[in-house]
Amino acid sequence: MVSADLFNQMPEPEAVGLLLGCCTSARWAGLVAAGRPYPDAGAVLAASDAAVAVLEEADLRDALAGHPRLGDRQVPDPAPPGGRSGGWSGREQAGVRDADAASRAELEAGNAEYERRFGHIYLACATGRSAADLAGFLRQRLGNDPGQEWRVVAGELAAINRMRLAQVIDPDHRQGGAGP
């Protein structure tokens with residue numbers, strides 16, 4: 001975990017590299033890094049949300065490339081916070097990893113249908129959610145048109161990025177001094 005101060009002081013390539021560990025969209029990472037200096041971790045999270053809000057379809061596809069399919073049994077075991085996206089996904093999908101066979105099969109079938117419909121993986125903020133909940137959310141989203149669905153994807157990406165950044169940027173360290 002790094003303080004907002006340390007994040008602000010990092011050379012640009014190092015800051016972008018840290019951000020790419022949370023999200024593989026180069027545009028998102030570049031926008032967040034370019035917004036430095038930030039007064040605190042909350043401002044970094046707000047900048048992340050603002051950056052996701054301006055991502056275009058190609059940028060969102062770049063972000064999706066760093067996420068495994070929800071329910072994929074090949075998701076790596078959890079890695080320490082700040083690890084590459086595979087480690088993040090392993091922790092985030094904990095509620096899916098231990099699901100029963102029927103729930104996993106439902107999610108797998110839904111993933112296939114979603115990918116046929118939209119041409120990309122189903123992205124949802126999986127932390128704290130069961131396989132059944134995620135499968136239900138997927139079924140609801142199948143009724144979206146592609147434009148609506150890209151907006152939902154962006155919202156889910158913003159939530160994921162926010163959670164990951166909160167584990168990377170220390171909220172207890174403020175610019176200009178030590179924490180409380």
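Everything numeric here is computed off the predicted structure, so don't read it as measured data.
- Between L70 and A126, the shortest heavy-atom distance links the atoms CD2-CB, 3.7 Å.
- Annotation for V54 and L31: closest pair CG2-CD1, 3.7 Å, computed over non-hydrogen atoms.
- For the residue pair A41 and A4, the shortest heavy atom distance occurs at N-CB, 4.0 Å.
- Side-chain polar atoms of D133 and S130 form no donor-acceptor pair below 3.5 angstrom.
- Grouping the Ile, Leu, Val, Met, Phe, Trp and Tyr side chains by contacts below 4.5 angstrom, directly or via other members, places L55 with V44.
- Heavy-atom minimum distance, I169 versus M1: C-CG, 4.0 Å.
- Summarising the geometry, atom CZ belonging to R139 is positioned 13.0 Å from atom CZ belonging to R141; distances are rounded to the nearest 0.5 Å.
- Taking each heavy atom of A124 and L134 in turn, the nearest pair found is CB-CD2, 3.8 Å.
- In this structure L138 satisfies the side chain to side chain contact (heavy atoms under 4.5 Å, CB included) test together with L107, N111, Y114, Y122, L142, sequence neighbours excluded.
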Between R69 and E115, is the salt bridge (Lys or Arg N to Asp or Glu O under 4.0 Å) condition met? List the steps. CA-CA 10 Å; R69 182 177 290 113; E115 290 171 20; 2.7 Å; yes
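- In terms of the side chain to side chain contact (heavy atoms under 4.5 Å, CB included) criterion, residue partners of D145 (sequence neighbours excluded) are, by chain and number, Q148.
- Classification of E57 and R61 as a salt-bridged pair holds, one side-chain N sitting under 4.0 Å from a carboxylate O.
- For the atom pair OG1 (T127) and CD1 (I160), the distance works out to 7.5 Å, reported to the nearest 0.5 Å.
- One finds the OG1 atom of T24 at 6.0 Å from the NE2 atom of H67 (value rounded to the nearest 0.5 Å).
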Applying side-chain contact (heavy atoms from CB on, under 4.5 Å) to V2 and D170, what does each step give before you reach the verdict? CA-CA 6 Å; V2 300; D170 188 346; over 6 Å; no
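- A donor-acceptor contact shorter than 3.5 Å is absent between the side chain of R36 and the backbone of A15.
- Using a 4.5 Å heavy-atom threshold, the side chains of V168 and C22 count as touching.
- Remark: F7 pairs with no residue by the ring pair (Phe, Tyr, Trp, His ring centres under 6.0 Å) rule, at least two apart or across chains.
- Proximity of L157 to C23: side-chain heavy atoms (C-beta onward) are separated by under 4.5 Å at one or more points.
- The side-chain heavy atoms of L123 and L64, taken from C-beta on, include a pair separated by under 4.5 Å.
- Summarising the geometry of E156 relative to C125, their closest heavy-atom pair is OE1-N, 2.6 Å, with the distance given to 0.1 Å.
- Looking only at side-chain heavy atoms (C-beta outward), V153 and H120 come within less than 4.5 Å of each other.
- R27 contributes atom CZ, which lies 5.0 Å from atom CD of E56 (distance to the nearest 0.5 angstrom).
- Summarising the geometry, atom CH2 belonging to W28 is positioned 4.5 Å from atom CG belonging to L19; distances are rounded to the nearest 0.5 Å.
- Here the straight-line distance linking atom CG of L45 with atom CZ of R164 works out to 14.0 Å at 0.5 Å rounding.
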